[in-house]
Amino acid sequence: MKALGVGILGLGNVGAGTVRLLAEHRARIEARLGVPLTIRRVLVRDRARERAVDVAPELLTTDIEDVLGDPNIAIVVELMGGVEPARSYILAALRAGKHVVTANKAVLAERGAEIFAEAARVGRAVVFEGSVAGGIPLLRSLREGLASDRITGLCGIVNGTSNYILDAMTRTGAGFADALAGAQAAGYAEADPTLDVGGGDAAHKLALLALVAFGVQVDPATIPTEGISHITAFDIRAAAELGFIIKSLAIGERDEHGVGLRVHPTLVPRGHVLAGVQGAFNAVLVQSDALGPSLYYGRGAGMMPTAVAVVSDILEVARDLLAGLYSRPGPAGQVPSAIPAPIALRPLADVVCAHYLRFRAPHVPGVLGRVAACLGRHGVSIRRMSQETPSDDGSAAMVMLTEPVADGPLAAALVEAALPVTRLRLLAD
């Protein structure tokens with residue numbers, strides 16, 4: 001059989017890593033498939049730009065039609081990022097009879113229903129392992145390894161930038177701004193890190209995890225999301241004294257009342273498996289009925305880890321194509337067999353957990369009594385309280401740990417107390 005042609009859209013870090021892996025493992029890939037995989041076209045914005053990998057100039061193009069119109073290209077690999085023009089190019093590739101591999105969590109989280117529906121209509125595959133947790137085979141494990149089980153929960157670190165920053169703050173005592181600058185200097189954070197440190201990237205990934213693990217479609221904009229920029233060196237120290245490490249977690253839970261999803265910084269017990277995840281690594285702890293807990297850990301981002309997932313997806317599509325899977329009508333590959341309607345998530349106000357509260361108490365008689373009274377009126381019990389040495393003006397930073405309480409009543413109590421409060425949730429035991 002003749003070679004299978006591949007078209008690549010985007011030649012940034014992941015695109016360059018994908019080209020490199022396909023070249024370095026060319027003989028091994030051909031031995032596994034029985035036919036060679038050949039890159040026929042690479043779509044770029046600027047053909048003259050210097051790149052991290054050598055590509056024959058005649059393969060480079062700035063015209064998407066050179067990819068879509070090539071009948072020898074069976075698989076289009078979208079690695080551009082963002083929603084547009086990625087969405088339009090993916091849809092056009094499907095309509096042109098191409099199968100699609102992508103590592104683009106934004107376009108799938110925000111426009112996945114449209115893309116998957118079109119893929120099902122035309123009987124083409126859309127595979128996306130690299131969109132969540134980089135090189136960790138997480139989605140494939142959820143989709144195939146746990147296919148016979150019922151997943152009830154997942155909790156993990158899915159944004160390496162936020163984890164790198166919090167880990168640096170924990171290890172060095174640095175403040176957020178200095179830790180962010182270190183992450184940018186090391187190449188782990190973008191010049192504009194908002195999507196990472198604000199939690200948006202993790203919310204996109206959590207939406208895809210919910211689709212694969214729970215079979216639900218969720219608009220990522222509806223996922224309660226909190227970033228890490230308000231975490232201070234004091235919070236890191238106070239958490240450590242209490243026996244916790246602060247991590248930014250993506251949490252998904254399913255029970256008889258529905259599905260709850262959230263992204264926020266969390267106090268994790270020091271002995272918990274997620275507390276030891278350092279640097280830019282990712283880790284997701286999955287809970288299922290039959291297997292119980294299972295952990296998926298590894299490098300969650302970067303040129304080569306993500307490229308490993310992308311090339312694995314290319315090989316999956318190629319194997320299925322050679323096996324004649326796509327000669328049958330109906331949805332193929334990782335496309336959900338039925339795109340569910342968007343669901344309403346369980347309200348964050350109903351989530352019950354213990355909380356860390358940090359506020360500065362002014363040197364005014366009765367302040368602590370007023371705060372305690374507000375908490376008590378809303379059914380919030382205090383488990384532990386500590387106070388730092390007062391500053392020159394007599395005010396002092398106070399830390400409280402509450403007993404488990406629903407988010408809603410606690411939020412109401414803090415509004416009534418009328419004090420600026422940093423609130424962090426504790427990971428349930």
Side-chain angles (χ1 to χ4, degrees), residues 153 155-157 166 169-170 173 224 226-228 230-253 255 257 260 262-277 285 287 293 346-391 394-429:
C155 172
I157 296 162
L166 291 173
M169 294 174 70
T170 300
E226 298 174 15
I228 64 169
H230 63 295
I231 304 297
T232 67
F234 177 88
D235 295 321
I236 298 289
R237 292 195 305 273
E241 291 171 2
L242 294 166
F244 296 92
I245 304 292
I246 299 179
K247 295 292 185 181
S248 180
L249 298 184
I251 299 173
E253 298 162 321
D255 59 23
H257 302 296
R262 47 198 167 99
V263 173
H264 52 70
T266 308
L267 269 69
V268 178
R270 187 179 288 115
H272 193 278
V273 65
L274 295 177
V277 179
L285 183 63
Q287 186 72 35
R346 282 206 328 249
L348 183 61
D350 294 344
V351 172
V352 176
C353 63
H355 289 75
Y356 162 100
L357 307 176
R358 186 254 300 165
F359 60 95
R360 182 160 289 278
H363 186 50
V364 177
V367 170
L368 288 181
R370 179 168 61 83
V371 172
C374 290
L375 293 174
R377 277 193 292 274
H378 292 272
V380 181
S381 298
I382 300 171
R383 177 193 306 177
R384 183 170 177 176
M385 183 173 69
S386 62
Q387 174 182 325
E388 71 167 358
T389 303
S391 60
S395 66
M398 303 292 302
V399 170
M400 292 181 178
L401 284 188
T402 76
E403 296 292 347
V405 62
D407 239 74
L410 177 59
L414 296 178
V415 169
E416 183 181 335
L419 276 176
V421 177
T422 293
R423 176 177 62 152
L424 301 174
R425 296 167 185 86
L426 273 63
L427 186 64
D429 296 334

Exercise. How long is the gap from CG on Leu357 to CD1 on Ile382, to the nearest 0.5 Å?
Worked result: 8.0 Å
For this session: Could you walk me through whether Gln287 and Glu253 pass side chain to side chain contact (heavy atoms under 4.5 Å, CB included), step by step?
Result: CA-CA 9 Å; Gln287 186 72 35; Glu253 298 162 321; over 6 Å; no
Exercise. Looking only at heavy atoms, which two atoms of Ile157 and Lys247 are closest? And how far apart?
Worked result: CD1-CD, 3.9 Å
Problem set entry | From CA spacing to verdict: side chain to side chain contact (heavy atoms under 4.5 Å, CB included), His355, Asp407 | CA-CA 9 Å; His355 289 75; Asp407 239 74; 3.3 Å; yes
Seminar exercise, completed: Interatomic distance, OG@Ser386 vs CG@Leu242, rounded to 0.5 Å, equals 6.0 Å
Problem set entry | Any Leu348 side-chain heavy atom under 4.5 Å of Arg425 side chain | yes
Problem set entry | Shortest non-hydrogen contact from Arg383 toward Ala354 | NH2-CB, 3.7 Å
Exercise. So how far is it from Leu419 CG to Arg360 CZ, rounded to the nearest 0.5 Å?
Worked result: 12.0 Å
Exercise. Quick one: are Val421 and Met398 in side-chain contact, heavy atoms under 4.5 Å?
Worked result: no
Problem set entry | Side chains of Ile228 and Ile246 in contact at under 4.5 Å (non-hydrogen atoms) | no
Problem set entry | Any Phe359 side-chain heavy atom under 4.5 Å of Val371 side chain | yes
Exercise. Is a side-chain N or O of Arg270 found less than 3.5 angstrom from the main chain of Ile245, in a donor-acceptor match?
Worked result: no
Problem set entry | Cys353 and Leu426, any side-chain heavy atoms less than 4.5 Å apart | no
Exercise. Going through the distances and angles, do Arg358 and Val399 end up as a side chain to side chain contact (heavy atoms under 4.5 Å, CB included)?
Worked result: CA-CA 5 Å; Arg358 186 254 300 165; Val399 170; 4.1 Å; yes
Exercise. Of the non-hydrogen atoms in Ala349 and Ala406, which two are nearest, and what is the gap between them?
Worked result: O-CB, 3.6 Å
Seminar exercise, completed: Note: Phe244 and Pro269 closest approach over all heavy atoms is CD2-N, 3.5 Å
Exercise. Does any non-hydrogen side-chain atom of Leu410 lie less than 4.5 Å from one of Leu375?
Worked result: yes
Exercise. Quick check: does any side chain N or O of His272 sit under 3.5 Å from a backbone N or O of Leu274, one acting as donor and the other as acceptor?
Worked result: yes
Problem set entry | Option passing side chain to side chain donor-acceptor pair (under 3.5 Å) with Tyr356 (candidates Thr266, Asp235, Thr422) | Asp235
For this session: Rounded to the nearest 0.5 Å, what's the gap from CD on Glu416 to CZ on Arg377? Could you check?
Result: 4.0 Å
Problem set entry | Step-by-step side chain to side chain contact (heavy atoms under 4.5 Å, CB included) determination, His378 to Val405 | CA-CA 10 Å; His378 292 272; Val405 62; over 6 Å; no
For this session: Would you check if the side chain of Thr402 reaches a backbone N or O of Met400 as a donor-acceptor pair within less than 3.5 Å?
Result: no
Exercise. Going by heavy atoms in the side chains, are Pro265 and Glu226 under 4.5 Å from each other?
Worked result: yes
